[in-house]
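Some notes on the structure that comes next.
Scope of the values below: all heavy atoms of this structure, side chains included, with no hydrogens, waters or symmetry mates.
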Amino acid sequence: MDVLDADFCVVGAGAGGAVLAAEIAEGGARVVVLEQGPRHDPDGFSARPPEMLARLYRDGCQTATVGAPPILLPLGRGVGGTTLVNSGTCFRTPPHVLERWASEFGLEFDEATLRPCFERVERALSVAEVTPELAGANAAVARRGAERLGWSHGYLRRNARGCVGSGVCVFGCPTSAKQHTGITYIPRATAAGARIVTGADVQEIVVEGDRARGVRARLDDGRLLEVRAPEVVVACGTIHTPLLLQRSGLPDASGQRGRNLVLHPATSAFALMDEVVDMARGVPQSLYVDEFAAEGFMFEGSAGPPAYAAMVLPLTGEHHTRAMAEYPRLAQMGLMVCDESRGRVRAVAGRPLIRYDLCPEDLARFRAGIARMRELFLAAGAREVYLPLPPGMPPERARVRDLKLMAFHPLGTARADARAACGVTDSDLAVHGVGGVHVADGSVVPSSLGVNPQLTIMALATRLAFHLLGRTVPSEPRPSSPNVPYTDPQPANEET
């Protein structure tokens, strides 16, 4: 067995693990990062969806929930985690969500505390608002519809530098413009002396008495590796973190480990326009419509090349063929629900089984959201609108089994709660009941956010890193502006 010694062992190199590893390594700590997946070479990013789905996603992008309805849940695998394959959208945690966390979970995550964390992450990732030119014609269609209806909307903020609008964010950015953690925080961690070990499948956290002493992992070549460290930070992601905690025999007085799963379930609609849209050009996710945020759903841009459109277009047979023949004039918009439904993750034969059933309240949100998407496209001048429902099914009559859903934001399975009887981790993201184990990924987020979570996860990881170093997060010299559309919407007729 190979043995490495460190002050901290970080399990996972995604949104949480990479950020924390860089910050504590730069703070002088000896750090070992274990990542189950490989280090991906951007020179091999072909922009071909079938090829890249198989290469960059866990289980070839076939991870899915069981329940009503089944939901496809794409998860990135490798250095950078899901930040490598997401759309780069960056929202700060909405203030009303932070207020709920304080009142319901006893968490001290207020705006003042997290502001320097958000600013630090945004600067590291070069977060900026998408320009209208880079947003492309697909965003222009949605914006036109929102303006005509008087709906609140705006351009999204993203972590990108030198983006040229390749339109394939979720298949690996071919120009490395997207500032995922694999090309931002991981190089910082390495430069500060951290050791990054890929192909390391962590089997267990080693606990002696009531405190962690390190981890044991199996490498791709079959060798066993032990990292001896008094501090372990688990950042395996919402699906796999609770399974590692359970597999390691860590206590869970709350009984909440693996429970409270939220997903932000989503779907999308297409429209056939008179003008050329060419969804393959521009930033796929570049515009939001938050008019109905108070009702629990929002719209975000969604687009991609023909191979992508062919996979997700909600048509079959001859109808699908005819619509794809008109691909240059197709537009698409996504609908994301801030879910009240709750799911559960548990291990079956060593693999995660994800159970999630859509509750009646969320079904009502999808019915309303799909109807509003149709309204948006018609206001924009659509010739035809293709809804994600069976042919002829009106949105108001849609049943759970009629919905075709995906989800990209799993959260909550090791939720933070100041009370050990109610949560898996505490206000400092330490696992209740054992010393030396913290969690830095989406599993600690205690409720649905209603916005894309990567910035929340990174800010919480930054806060945790400085807590572990016994330091205060420094204020940034150039504070960036938050983009929280739920609380500060742009007027519909204002240039954003």
Side-chain angles (χ1 to χ4, degrees), residues 2 4-42 76-86 116-127 159 161 173 176 178-202 205 212 214-215 217 219 225 227-237 241 429 436-442 444 454-455 457-471 473-474 476:
D2 296 337
L4 297 173
D5 292 302
D7 299 318
F8 292 88
C9 180
V10 181
V11 184
V19 170
L20 185 134
E23 296 288 11
I24 59 177
E26 290 175 344
R30 296 178 303 155
V31 180
V32 171
V33 179
L34 303 182
E35 167 56 48
Q36 185 187 59
R39 188 186 296 268
H40 296 287
D41 181 1
R77 182 174 181 270
V79 174
T82 300
T83 71
L84 181 67
V85 293
N86 67 17
C117 301
F118 282 123
E119 292 173 354
R120 189 172 180 85
V121 172
E122 288 165 347
R123 185 172 184 181
L125 298 182
S126 303
V127 174
N159 53 314
R161 295 180 62 186
C173 179
S176 292
K178 184 169 63 177
Q179 300 297 285
H180 61 83
T181 60
I183 61 175
T184 51
Y185 282 95
I186 288 297
R188 282 175 50 186
T190 303
R195 181 165 181 175
I196 316 297
V197 181
T198 58
D201 186 12
V202 174
I205 301 168
V215 305
L219 303 180
L225 171 66
V227 179
R228 296 172 179 166
E231 298 284 348
V232 174
V233 180
V234 182
C236 305
T241 282
L429 307 186
V437 182
H438 291 76
V439 178
D441 58 32
V444 301
Q454 76 165 347
L455 211 58
I457 295 168
M458 293 178 175
L460 292 178
T462 300
R463 177 181 180 272
L464 173 58
F466 280 85
H467 167 73
L468 293 173
L469 292 171
R471 302 174 188 174
V473 181
E476 290 298 298

For [X] against [Y], the heavy-atom pair lying closest together:
{"X": "V215", "Y": "C9", "result": "CG2-SG, 3.5 Å"}
{"X": "A459", "Y": "C117", "result": "O-CB, 3.6 Å"}
{"X": "H40", "Y": "L84", "result": "CD2-CD2, 3.4 Å"}
{"X": "P187", "Y": "G182", "result": "CD-O, 3.4 Å"}
{"X": "V437", "Y": "A212", "result": "CG2-CB, 3.5 Å"}
{"X": "L464", "Y": "H438", "result": "CD1-CD2, 3.5 Å"}

Pairing residues for R77 by the salt bridge (Lys or Arg N to Asp or Glu O under 4.0 Å) criterion, not counting sequence neighbours: none
Does the side chain of [X] reach to within under 4.5 Å of the side chain of [Y], using non-hydrogen atoms?
{"X": "I186", "Y": "R39", "answer": "yes"}
{"X": "F118", "Y": "T462", "answer": "no"}
{"X": "Q36", "Y": "V202", "answer": "no"}

[X] (side chain) donor-acceptor with [Y] (main chain) under 3.5 angstrom:
{"X": "E35", "Y": "A13", "result": "yes"}
{"X": "D2", "Y": "L225", "result": "no"}
{"X": "D441", "Y": "G16", "result": "no"}

Would you check, one step at a time, whether the test side-chain contact (heavy atoms from CB on, under 4.5 Å) holds for Y185 with L20? CA-CA 9 Å; Y185 282 95; L20 185 134; over 6 Å; no
To the nearest 0.5 Å, atom SG of C173 lies from atom NZ of K178 at 7.0 Å
Spatial distance of atom CD1 (I183) from atom CG (L125) [nearest 0.5 Å]: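 Reported value, rounded in 0.5 Å steps: 9.5 Å.
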Just list the side-chain donor-acceptor pairs under 3.5 Å for residues 192-200, sequence neighbours left out, or say none.
none

Looking at N86, T181, T83, which one forms a side-chain hydrogen bond (donor to acceptor under 3.5 Å, both in side chains) with Q454? N86
Does V233 form a side-chain contact (heavy atoms from CB on, under 4.5 Å) with L468? I'd like the steps, not just the answer. CA-CA 10 Å; V233 180; L468 293 173; 4.1 Å; yes
Full working for side-chain contact (heavy atoms from CB on, under 4.5 Å) between D7 and E231: CA-CA 6 Å; D7 299 318; E231 298 284 348; over 6 Å; no
